[in-house]
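Step one of this worksheet: look at the structure below.
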Amino acid sequence: MAGLGGIGGFGGLGGMNSQAQQQQEQMRLMEMMQEMQVADSLRMYNELVQRCFGHCVENFRSRKLDGKEEACIVRCCQKFLKFTQRATQRFQEHQQEMAEEAAKAQQNK
Amino acid sequence: MNMPQGQGNLDAMKAEMIFVADLFNKMSEMCFKKCVPRFHDGDLNTGEPVVCADRCVGKYVEATNKVGEVMQQLQQGQAPQ
C-alpha cells in the first residue's frame, strides 16, 4: 500500500527549482489519489460483504457457512465485481468523450 | 522521496483501522437485522439472539474472507467474462 516508489526515480534531474517543485506537487497528488483509491476499494469490499451476506445467509444454526451459502456469496461477489467492471469501462468511455468534446469546444473558440 | 518511510506505514495503518471499524459496524448492523427479528417469530430452531449473534459473527468473518479471495482472483485473472 505504501507503493509509488517507482515515481521517485527522476528526483535528481537538473537544478530547475520550479520543475522540481512541480514534480513534488505531482507526486503528492499521486499519493493522495492512491490513498483515496485504497480507501475507496476497502469501502467497496466492506459493502460487498454486507450486500452478499445479507442476500445469501439466512440461517444461524451453525457458526460456519454451509456449501450453499458459500457458493451464493462467491456468485454474488463475481456478479457484482463484473458488473462494476463493465460499468467502469462504459463510464470511462463516457468521460473520455466528454473530455474530447470539451477540448474541441475550447479549440473552436 | 523525501517522505519518511514511516508515513506510508502510517497511512496503511490508518486505512486498515478505518476498514476494520467499517467492517465491525456493518457486521453488527447486519447481524442485528438478521438475529433480532427472529426473537419475535417463534422459531425455536434459530435459538436466542445471543447464540445467533455468535454464529452470525463467525459467518460474517468467513464471508469477508471469501469475498476477499474472490476479489483477488478476479483482479489477478482480469475477469474471464
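Chain naming here is simple, since letters A, B, ... match the order of the sequence lines and numbering starts at 1 in each.
Between A:Asn59 and A:Glu69 the shortest side-chain heavy-atom distance falls below 4.5 Å. Using a 4.5 Å heavy-atom cutoff, the side chains of A:Met44 and A:Phe80 are in contact. Annotation: side chain of A:Val57 is in contact with side chain of A:Ile73 (closest heavy-atom distance under 4.5 Å).
The aromatic rings of A:Phe60 and A:Phe53 lie tilted to each other, with the angle between the two planes from 30° to 60°.
Contact of A:Gln78 with chain B is made through backbone and side chain together, with heavy-atom distances under 4.5 Å. Neither the backbone nor the side chain of B:Glu69 comes within less than 4.5 Å of any heavy atom of chain A. Heavy atoms of B:Ile18 lying under 4.5 Å from chain A are absent altogether. Both the backbone and the side chain of B:Lys26 come within less than 4.5 Å of a heavy atom of chain A.
Your options are A:Val49, A:Asn46, A:Leu48, and the one with the most heavy-atom pairs under 4.5 Å with chain B is A:Asn46. With chain B as partner, the option from A:Arg63, A:Glu70, A:Arg43 having the largest number of non-hydrogen pairs under 4.5 angstrom is A:Arg63. The residue among B:Met30, B:Met71, B:Lys59 with the most heavy atom pairs within less than 4.5 Å of chain A is B:Lys59.
Disulfide check for A:Cys72/A:Cys56 passes, with the SG atoms closer than 2.5 Å. Between B:Cys56 and B:Cys35, the sulfur-to-sulfur (SG-SG) separation does not fall under 2.5 Å.
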